[in-house]
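If you're wondering where the values come from, they're calculated on a predicted model, not measured in any experiment.
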Amino acid sequence: MHLTAPATTRPGTRTRDADGMAVASFILGLLGLLVFNLFLGPTAIVLAAASLWRGTKRRGRAYLGMVLGVADLLVLLAFVQMDNTLSWGF
């Protein structure tokens, strides 16, 4: 006797989610170059790694999101070094 229905997944759901994460990492990495580097950079890196681990079809976009996430942190580091503060501004 089963009290719950068996878990069923639709075919392609895992890949579609991974593709969405790859696109999200690219967008967040691109946006992170302008604002919230400290938050958006690592988020883009984690999303890109997760999408690659899940087998995304958009590998180029995931790699680009990862590179942009690292660039976010490098931009933050450069501005912090120039201002000698913990945050940066124009």
Side-chain angles (χ1 to χ4, degrees):
M1 176 176 185
H2 291 282
L3 297 176
T4 60
T8 59
T9 58
R10 293 178 296 196
T13 303
R14 185 176 174 112
T15 305
R16 189 180 72 210
D17 291 344
D19 292 345
M21 284 192 290
V23 172
S25 71
F26 169 71
I27 292 171
L28 291 178
L30 196 59
L31 186 61
L33 288 173
L34 302 174
V35 293
F36 302 123
N37 312 62
L38 189 60
F39 176 71
L40 294 179
T43 304
I45 294 169
V46 168
L47 281 174
S51 69
L52 288 170
W53 182 73
R54 287 187 176 194
T56 182
K57 294 177 185 174
R58 299 179 180 198
R59 296 179 62 83
R61 193 147 307 157
Y63 283 125
L64 190 56
M66 190 175 290
V67 167
L68 286 171
V70 171
D72 292 346
L73 297 176
L74 292 176
V75 166
L76 176 66
L77 181 67
F79 278 119
V80 166
Q81 290 296 322
M82 286 178 12
D83 289 346
N84 291 327
T85 62
L86 190 57
S87 62
W88 64 273
F90 292 107

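By the criterion of side-chain heavy atoms lying less than 4.5 angstrom apart, applied directly or through intervening Ile, Leu, Val, Met, Phe, Trp or Tyr residues, L77 is not grouped with M82; the two fall into different hydrophobic clusters. Linking ILVMFWY residues whenever their side-chain heavy atoms come closer than 4.5 Å, directly or via other members, places F36 and L47 in the same cluster. One hydrophobic cluster, built from ILVMFWY side chains closer than 4.5 Å, holds both L64 and L30.
Across L73, L31, L76, a single residue satisfies side chain to side chain contact (heavy atoms under 4.5 Å, CB included) together with N37, and that is L76.
When the shell of 6.0 Å around CG of L74 is examined, it contains more than 12 heavy atoms from other residues, nucleotides or ligands.
Taking all atoms of both residues into account, the shortest heavy-atom contact from A44 to G69 is CB-CA, 4.1 Å. Of all the heavy atoms in D17 and R54, the pair that sits closest is CB-NH1, 3.9 Å. Across every non-hydrogen atom of V75 and L33, the tightest pair is CG2-CD2, 4.1 Å. Heavy atoms only, all atoms of each residue included: A22 and S25 are closest at O-OG, 2.7 Å.
Separating the CD1 atom in I45 from the CG atom in L40 is a distance of 11.0 Å, to the nearest 0.5 Å.
Using a 4.5 Å cut-off on side-chain heavy atoms (C-beta onward), T56 and M21 make no contact. Looking at heavy atoms from C-beta onward, L52 lies in side-chain contact with M66 at the 4.5 angstrom threshold.
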